[in-house]
Number of protein chains: 4
Amino acid sequence: MRIPTHHMPKMQRNHAKFEFPKNGIQIKNLELVRKKHLQIALGASKLFVKKGYHKATMREICKATGFTIGNLYDYIKTKDDVLCLVFDTFHSIWSHQLENEGVFDIEDPMEQLRMAIRKRLELINQLRDMILLMYTDSKILPREFLKTVLKNESYLIENYERILRNGIEKNVFKIKDPFFAANVIVYLLSIEPLRGWNLRRKYNISQINRRLEKYIFNLVLNRE
Amino acid sequence: MRIPTHHMPKMQRNHAKFEFPKNGIQIKNLELVRKKHLQIALGASKLFVKKGYHKATMREICKATGFTIGNLYDYIKTKDDVLCLVFDTFHSIWSHQLENEGVFDIEDPMEQLRMAIRKRLELINQLRDMILLMYTDSKILPREFLKTVLKNESYLIENYERILRNGIEKNVFKIKDPFFAANVIVYLLSIEPLRGWNLRRKYNISQINRRLEKYIFNLVLNRE
Amino acid sequence: MRIPTHHMPKMQRNHAKFEFPKNGIQIKNLELVRKKHLQIALGASKLFVKKGYHKATMREICKATGFTIGNLYDYIKTKDDVLCLVFDTFHSIWSHQLENEGVFDIEDPMEQLRMAIRKRLELINQLRDMILLMYTDSKILPREFLKTVLKNESYLIENYERILRNGIEKNVFKIKDPFFAANVIVYLLSIEPLRGWNLRRKYNISQINRRLEKYIFNLVLNRE
Amino acid sequence: MRIPTHHMPKMQRNHAKFEFPKNGIQIKNLELVRKKHLQIALGASKLFVKKGYHKATMREICKATGFTIGNLYDYIKTKDDVLCLVFDTFHSIWSHQLENEGVFDIEDPMEQLRMAIRKRLELINQLRDMILLMYTDSKILPREFLKTVLKNESYLIENYERILRNGIEKNVFKIKDPFFAANVIVYLLSIEPLRGWNLRRKYNISQINRRLEKYIFNLVLNRE
DNA sequence: GATGAATGAGTGTTCATTCAT
DNA sequence: CATGAATGAACACTCATTCAT
């Protein structure tokens, strides 16, 4: 899994709400904490992708992140926090992508949607395994944190809905229910990480992506 | 979750894995073993849906299935086997549905596809939680067993592909790539169990289902 | 520490209230649980006396009690429970002694008090180290359990108070405040286990006991 | 707990243990070390009284004493040293009290004993919780240090013995065995911190003290 | 076949202590 | 002298699995 490092500086911007761990930690230097949290998230995500959250032991997480056990626990309170950190890091990228890509500056609805699809598919290819992880392990997340994740996710869908509404207003898109369509589109875009094992037997990634794009435009341009 | 019991007789067809649960102990009555395996799968699935596989303990599985610990281990070898049994039971229903519904007896492609969609959505609604479980926990399955599961899954997709090809031959469906379309359709049909938390805020199940049906027909009837 | 086994059959009589652990345990055979709890208490008490509660590890407790770790945890929920079991076992002996010794059948107050003192000193000598343990580690006990322990302890003191009142009524004892006197007497009787390191430099146990007896009679027979 | 600061100057007399806290680091200013040791003892004692020695972490000790972790370890070598410092500080007050109170300047044995009792009870009331701590946690002390503590304690008892002998010589006290009596007296005087939970249900502190005084005089004035 | 007590490797977590800055 | 991040041995506890009855 390549990590899209060009996104990193922006990652934790909107997420003062994700403070780890909930209660005070040992370490006092706040900048350091942020740095280490990122280090944990990056290392642990790779491990979780490989072994799954439950089968990864704290000792393995330490090795994967380059921490000693005690030191790791200076930055988290429980193992669950590690998963939260992983989600915090990647789900931010995941759900706040469009704002960061300048998609909303594009006027032409067709071009805007095409951009939104392509950029998303690029990101999805980069984060393939993380996306699978985010699907399979999100139900492990603490209730409160899961709520935030879902909120982010629906925020992402709203972004697509906005693009669709823009196209509808300009009489380019023919769909009647942009909310449902946005859900379908966002869902469809993840087909490759989730069900790719079958598609990949016949197509390479870019063939899949091209077809997805066509399907989505088809969906958006034809009367329902 | 209602379990569609009319499917049960066919369920355990192809799984050598469970034929001799314990090397040393010869359980003669094979019919009994099958009965007990079903009992385990039914009880355990409910538990796994509630708690997840990893957080469910063997003791809880015993309680949920009505076995004592020692007795349960007469029918399985490891905890993983329980998950396999659950998959074995439900994934058979899941992937061999269409054959059992008489869908292939229908001549008219439109009618056939409509039937295939509706029957599937019905089943998906019944098995909502199991489907989520099958997505999230399939990666826990032993390698060999996972292969069987995926084979079943692709068999299901092939069924849809066959329906599409039938419609293409009869000049009803306009699609060029029935393999890809089948994958997309099967994937789309599961949107509710997997991403329903967002859709359900606006629609009830049947509204979702109606929209899905329309989308799929749209997809199939329009030139790509 | 010799364990006064002749008391054992009576030990758990009055203490249905002490159920370990608070919530259900794995083991179903209740008689077995009682037997094992006793085994735990006897083994652990020796260890705690030697090392103290906090320095004793669960593995040492296992070795001292003859359990494997997992099996020990079939009978307790936490390490604290082991201490509670120890207290439960010995504090019962400790605080319900007099009823079991026939002291209350004696009519003559002098004889009754003498008996109460001697029997107690005998017990105290047997339980020397346990008494020290009960003093030093009682503050570790869970709040609720400590309350029961203190109630038992005050019940013991009440027994002495009753003996004193009997002597006052029969004009043998001259004391005005039997409650305070009973507290002092019970406290004094434990001087050897608690502060014996100094006394033992000059006296043997029976010399200490003889002197204590004299002091208490002095206290009880003279006008305040 | 008020700390009787007027005793402090004499406190750290006889404890080579803390003269060079760290082999490698030569802290030149010995006066500073003494000051810091006192700071540690005062802060830590409050914490130990509240949580017990074992449950108090070094981090909590730091917070309670106003040190940073690294700095604290400039003045001690192990956590046990903190307990030793606490004992060193308070046990000195505890066992060298009488010399500092001018008790030995009093000629009249009755007056002298009364003074010795009252001053002691005053101190005991001030140090209530510390006394309980000194009882419960003394067995944690390193062997060598415990010996010093016990020596101090027996020194205290000797002081009372001296007072008693003085009274015997002057034909005021009737006791035959001043050593035993001194042990009993010193032990009795601590009844309130150790067993007060029962007494305090009926009496306030001064009522307890008055009764104790009477009992001790009774003990000392009557033929055994 | 059924029972449930026993096993012990392995887990997440704590915390006294060290040491670079 | 002071700081606090880093270390890792040790801990309490869990739970899949076995096996005597």
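Per chain, numbering begins at 1; letters A, B, ... match sequence-line order. The figures that follow rest on heavy atoms only: side chains count, while hydrogens, waters and symmetry mates do not.
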J.: What integer distance in Å separates C/Ile76:CD1 from F/dC13:P?
T.: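 To the nearest whole Å, that distance equals 7 Å.
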
J.: Looking at C/Asp81 and C/Lys77, would you say the former's side chain and the latter's main chain have a donor-acceptor pair under 3.5 Å?
T.: yes

J.: Got a sec? Which of residues 55-63 of chain C come in under 4.0 Å of DNA chain E, heavy atoms?
T.: C/Arg59

J.: Side-chain N or O of D/Tyr73 less than 4.0 angstrom from OP1 or OP2 on F/dG4?
T.: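 D/Tyr73 to F/dG4 OP1/OP2: no side-chain N or O under 4.0 Å.
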
J.: Checking B/Gln39 side chain against B/Thr65 main chain: does a donor-acceptor pair fall under 3.5 Å?
T.: yes

J.: Between F/dG4, E/dT14, E/dT3, which nucleotide gets closest to the side-chain atoms of B/Asp74?
T.: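 Given the options F/dG4, E/dT14, E/dT3, the side chain of B/Asp74 is closest to E/dT3.
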
J.: Looking at every heavy atom in both D/Leu133 and D/Phe87, which two are closest together, and how far apart are they?
T.: O-CZ, 4.3 Å

J.: Roughly, in whole Å, what's the span from CG in A/Leu47 to C1' in E/dG12?
T.: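 To the nearest whole Å, that distance equals 15 Å.
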
J.: Any idea which heavy atoms bring A/Leu42 and A/Phe90 closest together, and the distance?
T.: CD2-CZ, 3.9 Å

J.: Taking the side chain as every heavy atom from C-beta outward, state whether A/Phe48 and A/Ile61 have any atom pair closer than 4.5 Å.
T.: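 A side-chain contact exists here, since the closest heavy-atom pair is under 4.5 Å.
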
J.: Which whole-number value in Å describes the distance from A/Phe67 CZ to F/dA6 C1'?
T.: 10 Å

J.: Grab the NZ-C1' distance between C/Lys35 and E/dA6 for me, whole Å please.
T.: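 It is 13 Å, rounded to the nearest whole Å.
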
J.: On DNA chain F, compare the nucleotides closest to A/Gly66 and C/Ile69; which residue's is nearer the 5' end?
T.: A/Gly66

J.: I need the NZ-C1' distance between B/Lys77 and F/dT18, as an integer number of Å.
T.: 13 Å

J.: Checking contacts here: which listed nucleotide (E/dG12, F/dG4, F/dA16) is nearest the side-chain heavy atoms of A/Lys79?
T.: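 The closest nucleotide is E/dG12.
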
J.: Whole angstrom is fine here: how far is it from NE2 in C/His54 over to P in F/dA10?
T.: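 So the two atoms are 19 Å apart, to the nearest Å.
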
J.: Would you tell me if any nitrogen or oxygen in the side chain of D/Tyr75 comes within less than 4.0 Å of OP1 or OP2 on F/dA2?
T.: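 Affirmative; the distance criterion is met.
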
J.: Measure from the side-chain N and O atoms of A/Asp137 to the backbone N and O of A/Ile140, and report whether any donor-acceptor pair falls under 3.5 Å.
T.: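 Pair absent, no side-chain N/O of A/Asp137 close to backbone of A/Ile140.
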
J.: Would you say a side-chain N or O of A/Lys36 is under 4.0 Å from OP1 or OP2 of F/dA6?
T.: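 Yes.
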
J.: DNA chain F in dot-bracket, Watson-Crick or G-U pairs under 3.5 Å, [ ] crossing, | other strand?
T.: .||||||||||||||||||||

J.: What is the separation between atom CG on A/Asn71 and atom C1' on F/dA9, rounded to the nearest whole Å?
T.: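 Computing the A/Asn71:CG to F/dA9:C1' distance gives 16 Å.
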
J.: Just so I know, are the side chains of A/Leu146 and A/Arg143 near enough to count as touching, which here means a heavy-atom distance under 4.5 Å?
T.: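 Side chain of A/Leu146 against side chain of A/Arg143, heavy atoms only: no contact under 4.5 Å found.
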
J.: Would you call the rings of D/Tyr75 and D/His37 parallel, tilted or perpendicular, taking 30° and 60° as the class edges?
T.: perpendicular

J.: Provide, to the nearest angstrom, the distance between the NE2 atom belonging to A/His37 and the P atom belonging to F/dA5.
T.: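 After rounding, the reported distance stands at 12 Å.
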
J.: Salt bridge or not between D/Glu144 and D/Lys147? Use side-chain N to carboxylate O under 4.0 Å.
T.: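 A salt bridge links D/Glu144 with D/Lys147.
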
J.: Assess A/Lys79 against A/Tyr53: is NZ or CZ under 6.0 Å from the centre of the six-membered ring, and within 45 degrees of the ring's axis?
T.: yes

J.: Want to settle it: does A/Tyr53 or B/Leu72 sit nearer the 5' end of DNA chain E, counting the closest nucleotide to each?
T.: B/Leu72

